[in-house]
There are 2 protein chains.
Amino acid sequence: MLIDPKSSIPIFRQIADQLRQSIFDGVFKAGEILPSLRQFAVDIKVNPNTIQRAYETLEREGIVETRRGVGVFVANSSIAKLNASQKKLKSALDGVIAQAVKDGLTPDKIRHTFEFAMREYLAEVV
Amino acid sequence: MLIDPKSSIPIFRQIADQLRQSIFDGVFKAGEILPSLRQFAVDIKVNPNTIQRAYETLEREGIVETRRGVGVFVANSSIAKLNASQKKLKSALDGVIAQAVKDGLTPDKIRHTFEFAMREYLAEVV
DNA sequence: CAAACTGCATTAGTACACTAATGCATGGAG
DNA sequence: CTCCATGCATTAGTGTACTAATGCAGTTTG
């Protein structure tokens, strides 16, 4: 795993992102145990708390499950389905982003429009 | 204009977002002058620097143009075209988001997938 | 020129996100 | 039970984004 401490992207997020991708790619399979906080921390040379934060992030997303005193495991719950949904979303977004760039929109504008659309949607639902 | 100082969204961004929308909605027309820093600041009870920050944001997006000592104006440059592109993007995103929600993806996951797609796209281009 | 308006630059204070150091609590192996 | 592994909680330090206070610089109008 590659971590860039100088990046503006927080370390815990870099870890969470790469782990999430690894799980979706099948590197870690459902039910499998993930590296312990301390072991993982030593491996990639960060503080155990930072690993913990990454695991927490993935737990909130339902991707992993924690058993205190034992370890952190890849969740058995419909990972494959989530994978399919997320891949579908990713594919759709790729197309939309490419078209937007072609239309001359800057990344900032695309991001803003996305956030605007998200907020609007959530406001409607809630 | 409604500003919520307690919001987690920075004040300058709230202002920029609402101004951008107003311009796209035709409330401020191309070439028209916007309120001065100080006047605007008094109106919505924030510091002039915060208004400045909002104007800077819109200037970087090409939506407004600044003439020092004079004022800030709605850019003459192809606002209508940008408007159309952005509306097109917004419409596409609305569809994608609705489908993603229907597929059971949470807002957090959708946001993450979007950011992932954006970074990937930018990385390719750069 | 001078006054009165513009936007801009510098500096400082505040809040918060991030990371790390350290110790506590839980669970399994012997 | 005891040991050693696990994850969790608390606290503190650091950097950075945001906001505000204040003064500087440019432009117009009389």
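The chains referred to below are lettered A, B, ... by the order of the sequence lines, with proteins before strands, and numbering in each begins at 1. Worth saying up front: this structure is predicted, and the values here are computed from it rather than measured.
- Rounding to whole angstrom units, CD of residue A:Gln39 and P of D:dG7 are separated by 11 Å.
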*Could you go step by step and tell me if A:Glu56 and A:Arg60 meet the salt bridge (charged side-chain N to carboxylate O under 4.0 Å, His left out) rule?*
CA-CA 6 Å; A:Glu56 277 176 14; A:Arg60 249 175 251 138; 3.7 Å; yes

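- Looking only at distances, a side-chain donor or acceptor of A:Asn76 sits under 3.5 Å from a matching main-chain atom of A:Gly31.
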Side-chain donor/acceptor pairs under 3.5 Å, residues 37-51 of chain B, sequence neighbours excluded:
| unit_1 | atom_1 | unit_2 | atom_2 | d |
| --- | --- | --- | --- | --- |
| B:Gln39 | NE2 | B:Asp43 | OD1 | 3.1 |
| B:Asn47 | OD1 | B:Asn49 | N | 2.8 |

*For B:Lys109 and A:Glu61, what are the C-alpha separation, side-chain angles and deciding distance, and is it a salt bridge (charged side-chain N to carboxylate O under 4.0 Å, His left out)?*
CA-CA 7 Å; B:Lys109 282 179 207 160; A:Glu61 296 179 7; over 6 Å; no

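- Remark: A:Ser36 is in phosphate contact with D:dT6, judged by side-chain N or O atoms under 4.0 Å from OP1 or OP2.
- Separating the CG atom in A:Leu58 from the CD atom in A:Glu65 is a distance of 12.5 Å, to the nearest 0.5 Å.
- Listed for the A:Ser22 side chain is a donor-acceptor partner under 3.5 Å among the backbone atoms of A:Gln18.
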Mind listing the side-chain donor-acceptor pairs of residues 6-15 of chain A below 3.5 Å, one per line with the distance, residues two or more places apart or on another chain?
| unit_1 | atom_1 | unit_2 | atom_2 | d |
| --- | --- | --- | --- | --- |
| A:Ser7 | OG | A:Ile9 | N | 2.9 |
| A:Gln14 | OE1 | A:Asp4 | N | 3.0 |
| A:Gln14 | NE2 | A:Asp4 | O | 2.9 |
| A:Gln14 | NE2 | A:Ile9 | O | 2.9 |

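- B:Leu34 places its CG atom 13 Å from the P atom of C:dT6, with the value rounded to the nearest Å.
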_Where protein sits on nucleotides 25-30 of chain C, one letter per nucleotide: B base, S sugar-phosphate only, - none, heavy atoms under 4.0 Å_ = SBS---

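- Here the C1' atom of nucleotide C:dA20 and the CG atom of A:Leu37 are 14 Å apart, to the nearest Å.
- At a threshold of 4.5 Å between non-hydrogen side-chain atoms, the residues B:Val74 and B:Lys29 do not count as touching.
- Residue whose closest nucleotide on DNA chain C sits further toward the 5' end, between A:Ile11 and B:Pro35: B:Pro35.
- A straight line from CZ of A:Phe40 to C1' of C:dT19 spans 16 Å, rounded to a whole angstrom.
- Listed by chain and residue number, nothing satisfies the side chain to side chain donor-acceptor pair (under 3.5 Å) test with A:Glu32 (two or more places apart in sequence, or in another chain).
- The stretch residues 12-22 of chain A has no heavy atom under 4.0 angstrom from DNA chain D at all.
- Rounding to the nearest 0.5 angstrom, the gap separating the CD atom in B:Gln99 from the CG atom in A:Leu89 is 9.5 Å.
- Atom C1' of nucleotide D:dA5 and atom CZ of A:Phe73 are separated by 12 Å, given to the nearest angstrom.
- Between B:Leu34 and B:Phe73 there is no side-chain heavy-atom pair separated by less than 4.5 Å.
- Taken residue by residue, residues 43-57 of chain B places heavy atoms nearer than 4.0 Å to DNA chain C at B:Asn49, B:Gln52.
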